[in-house]
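Let me begin by presenting the structure, written as structure tokens, before commenting on it.
The chains referred to below are lettered A, B, ... by the order of the sequence lines, with proteins before strands, and numbering in each begins at 1.
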4 protein chains.
Amino acid sequence: MLTLAGVLPPIPTPFDADGDVDEDALARNLAFLSRFLLSGYVVLGSNGESVHLTESEKLRLIESVRGIAPDDRAVVAGTGLFSTRATIALTQSAAKAGADAALVLPPFYYRGQMTSDALRDHFVAIADASAIPVLIYNMPANTSIDLPADLLCELSSHENIAGLKDSSGNMAKLAELRSRVNPGFALLAGSAGFFLPALSAGAVGGVLALANIAPDACLEIDSLAKNGDWDAARRVQNRLARANRAVTRQWGVPALKAAMDLLGLRGGLPRSPLMPLSTEYRQELASILAEAGIHHAKEIE
Amino acid sequence: MLTLAGVLPPIPTPFDADGDVDEDALARNLAFLSRFLLSGYVVLGSNGESVHLTESEKLRLIESVRGIAPDDRAVVAGTGLFSTRATIALTQSAAKAGADAALVLPPFYYRGQMTSDALRDHFVAIADASAIPVLIYNMPANTSIDLPADLLCELSSHENIAGLKDSSGNMAKLAELRSRVNPGFALLAGSAGFFLPALSAGAVGGVLALANIAPDACLEIDSLAKNGDWDAARRVQNRLARANRAVTRQWGVPALKAAMDLLGLRGGLPRSPLMPLSTEYRQELASILAEAGIHHAKEIE
Amino acid sequence: MLTLAGVLPPIPTPFDADGDVDEDALARNLAFLSRFLLSGYVVLGSNGESVHLTESEKLRLIESVRGIAPDDRAVVAGTGLFSTRATIALTQSAAKAGADAALVLPPFYYRGQMTSDALRDHFVAIADASAIPVLIYNMPANTSIDLPADLLCELSSHENIAGLKDSSGNMAKLAELRSRVNPGFALLAGSAGFFLPALSAGAVGGVLALANIAPDACLEIDSLAKNGDWDAARRVQNRLARANRAVTRQWGVPALKAAMDLLGLRGGLPRSPLMPLSTEYRQELASILAEAGIHHAKEIE
Amino acid sequence: MLTLAGVLPPIPTPFDADGDVDEDALARNLAFLSRFLLSGYVVLGSNGESVHLTESEKLRLIESVRGIAPDDRAVVAGTGLFSTRATIALTQSAAKAGADAALVLPPFYYRGQMTSDALRDHFVAIADASAIPVLIYNMPANTSIDLPADLLCELSSHENIAGLKDSSGNMAKLAELRSRVNPGFALLAGSAGFFLPALSAGAVGGVLALANIAPDACLEIDSLAKNGDWDAARRVQNRLARANRAVTRQWGVPALKAAMDLLGLRGGLPRSPLMPLSTEYRQELASILAEAGIHHAKEIE
């Protein structure tokens, strides 16, 4: 039985010098992550450059991660595409490839037409057709669609819609959702920048890019909060804030990959059109990581 | 010595049947609020329809509120106007009228030109010229300007800039600010919708529209959190979430005033172009208040 | 009988070294403009820094411009404020001070509540109470409100609403309006950047910041188009495009004032928080003006 | 030698009752369009639901349209995908399938990272690798990216970048581009709503959804303008404005398809998540088409 809670890193997809998926690098990164009590891994999310991958690359990645990950860790795969039929097909393939749950972005190309009716029908059709639970992925910064509270409440009652990853950081909405949806519906923070605030509002965990480079600190926030030590949790949360912004909103995936490289993991280059982090920013990033207390990942040696 | 912390309602400005400021209604509302351990009152904020008031109405309101409010409650007055010189003049007049601090919105008409340099010079000039401390007011929903973290950090070091009221609800920024500004710089949540999350990130209080109609519940969140009972705080926070949205983002000042009327306070009508809440929405609002456990304000009788 | 057509510059408000309104500079600029067949002047628009002026400064400016301007030139005064009652009062005062028409921005502070109903009531109340015709001012870049086509069609039937200054540059809407409103409703382009396109869609003139520094070229576009020589008009229009962007969207009022100074007129400094154009941009601006063929204003000598 | 000018309809992709591509319907629609002096067809654009099609469906569509279209009509295929490498691959396949030019949308998922540098490298890499000319597709309403004038000027000098389809409707930018790019760089209007204004600013044609249902009227605007009869052109342009909005911004692809059905063509249903136009809107659409003088497509019988 899948439990969506705790900390799940959305893992970047490493590429080799030719720009192809680098399975060795992936294995090495996962070996590092395996030392921490993470609840699972998200593959094919925004940090995984899902939109830069072919269908066969996507399925192969799910298989690889599922093959490497301990059995008790959930493998959640991003499967949202622009059409309902393609999303259903990919979700079904992802389930066969070993995914435990599907993370589904709203279809955002025709956003002028994406009424609550259209979005409801889309998510319901996918949830109806999927063998694995669906996690809704609200990501306005990339999609320009912000799923409304009323729609999310309605969708939460579908037996195969297990939760929401919210990257909007709208705590008022999260608090309202917590008071309106049933207790089993999992609310997950979409960024470490507001992880503790989200926990305070009723989130049960987070899908946190920062957990790729600072899994221990992310887990610490979670356990301190769940043990009632909010002051200590705040100190960790706030110490990480600047670093989290650097590898998310400010410089994005290229910075997360650069940070992994700086820490001895295997980030590598993003696929074009994403550009490698510049040398100047890389130096600034190194300082920011040091100030946040994010150090060389000794565990991997 | 002014302490900006705890709960401060941004009080609406009541108007009589002719559309003029209704001092009796104001006194009655303040009498109700005086029964609760609020830290102070914000006059001339967004909920006070500051933009709908003449300069003399503004100064008279400050005098009235200062005259009625207990001495130990801060009276914070919104004084932000479009030009630096006018803002300075109003801030100085507000101080003479009895305001303890000035809440200053960024000038947002020429927002294409509002670089960090321009905004810094504006706020510094006001803080330099003001006899009372300045509280920066970040309110992107109304101004389309979201003050950047780096600018706020810089401004926080000015000895006469006492804090920030943040209505953006961006917890990642609040957490980053908390880790970067000096401890005495007051971070205040700008809405009850994210009050507890803001406290979790290091806010010391909130300027909460909802505190006009549910001061007890707002204070309860604050004290529960400060006493470490976050689970109980969350239950209060989340119970209020839907009601808070109704009187802020969804229906705005007209709904806050309607809620006050429904509860036995004196909200009255907003000034045009704001329209009175429709009968239909008023009924819906009554249900929402009831569900949130916000009842008739017995204290005023 | 007022005719709103042709070219009207929205005149900047010059300030002296103390930051006060400089009547001499104003007179000098108007003397320059008087040599061209402009239809009138807009005072207290966005370029006039209306939001930076006190009420008495505003009324004095209207009187001054009306006093200096030839009788056959319309003086249009910006009178939009945030409340309906204040806008009515200022519009009435503006009429007494000599304005021939009022240019009214929608009230944009509570934009979440500015439904078509609210906006309609606001504009109708003003038009009902005004002794002079009202020109609606659609300016989404500064107000974040884009008045909908259906609302504008409805308002166009009011006998005291004479037209629309549209700064959005939405030609599809302009074309739709032209086909739906009565022929007497004046559609005016709000920027020289799209003056010829707007004329092609049925505009009858424009309120053009560029007409402060290149009145001849703006008038040339108008007359060439009205005489059917669209190819020649296009050559003028496109030659001005880069310069127009520099003094509007890119660098705004400070650049328009700097351009006036560079050309021998009296622009001077904007009021803070607007910052003077930097030395670097001033040099770039000089090149852009030269490339656009906008030369020293010999007429003023 | 390809000439990108005149009127090109972006053809919708018809689906049969099972939701599969309906080649018969496509042929019938193209037979109708073949009676008009259109310059070519755009397949796989926004109206073609490119994002809803598989790669094999896309290539098959290009082959079909190329097979049916007269030799002298350009077949332009939308090939923009999120990664540079996938866009290059699809562009090369499209060329082999018979496309005469590629219409390339900017990659918009990681829009926070899409600096001018990143976008330049992306478009240059595609243009370098493509056997057919590239047409840049600026579509901010769907992508939230508005390509800057300076970047477009720079890209216009690439020998394999043939022009720009601009759907933003920003005429100031179009005029500036016309004055800065070389004369051979084709500027095409992206919507009939601003077709005549775009021609006035120097566009040489348009990719017009409306040309699917009113090709004659669209061609009339083009020829009247090119013959110097701008008054007559304006009458046609403005008569179409309301109808154009209905099948584009207001109700989108579902309405364009419904309009085709109403006129005797074969629009059919969109793929989900796009919803069929409701019965109510369909009736309203029928009235709007009638008012615009868009009648039953007799030519197809």
Keeping [X] on the side-chain end and [Y] on the backbone end, is there a donor-acceptor pair under 3.5 Å?
X: D:Asn182; Y: D:Phe185; answer: yes
X: D:Asn212; Y: D:Pro9; answer: no
X: D:Asn227; Y: D:Asp229; answer: no

Neighbours of chain C found in residues 145-152 of chain D - heavy atoms under 4.5 Å: D:Ala149, D:Asp150

Donor + acceptor pair across side chains of C:Tyr137, C:Thr143 (<3.5 Å): no

Give, as side chain, backbone, both or neither, the part of [X] having an atom under 4.5 angstrom from any heavy atom of chain C.
X: D:Arg245; answer: side chain
X: D:Leu199; answer: backbone
X: D:Arg180; answer: side chain

Any side-chain heavy atom of [X] within less than 4.5 Å of one from [Y]?
X: D:Cys153; Y: D:Leu177; value: yes
X: D:Gln237; Y: C:Met171; value: no
X: C:Leu155; Y: C:Val124; value: yes
X: D:Ser167; Y: D:Met139; value: yes

D:Leu103 and its side-chain contact (heavy atoms from CB on, under 4.5 Å) partner, picked from D:Leu188, D:Ile136, D:Leu135: D:Leu135

Most heavy-atom pairs under 4.5 angstrom with chain C, which of [options]?
options: D:Leu174, D:Leu196, D:Asn170; answer: D:Leu196
options: D:Asp231, D:Asn244, D:Thr248, D:Asn238; answer: D:Asn238
options: D:Ala201, D:Pro197, D:Gly193; answer: D:Pro197

Option in C:Ala172, C:Ala175, C:Ser191, C:Gly169 with maximal non-hydrogen atom pairs under 4.5 Å from chain D: C:Ala175

Pairs of heavy atoms under 4.5 Å with chain D: top-ranked of C:Ser200, C:Ala243, C:Ala241: C:Ser200

Residue part contacting chain D, namely of C:Leu240, when any heavy atom lies under 4.5 Å: neither

Audit row: C:Lys165, C:Leu8, side chain to side chain contact (heavy atoms under 4.5 Å, CB included) steps and yes/no: CA-CA 11 Å; C:Lys165 172 188 174 184; C:Leu8 300 94; over 6 Å; no

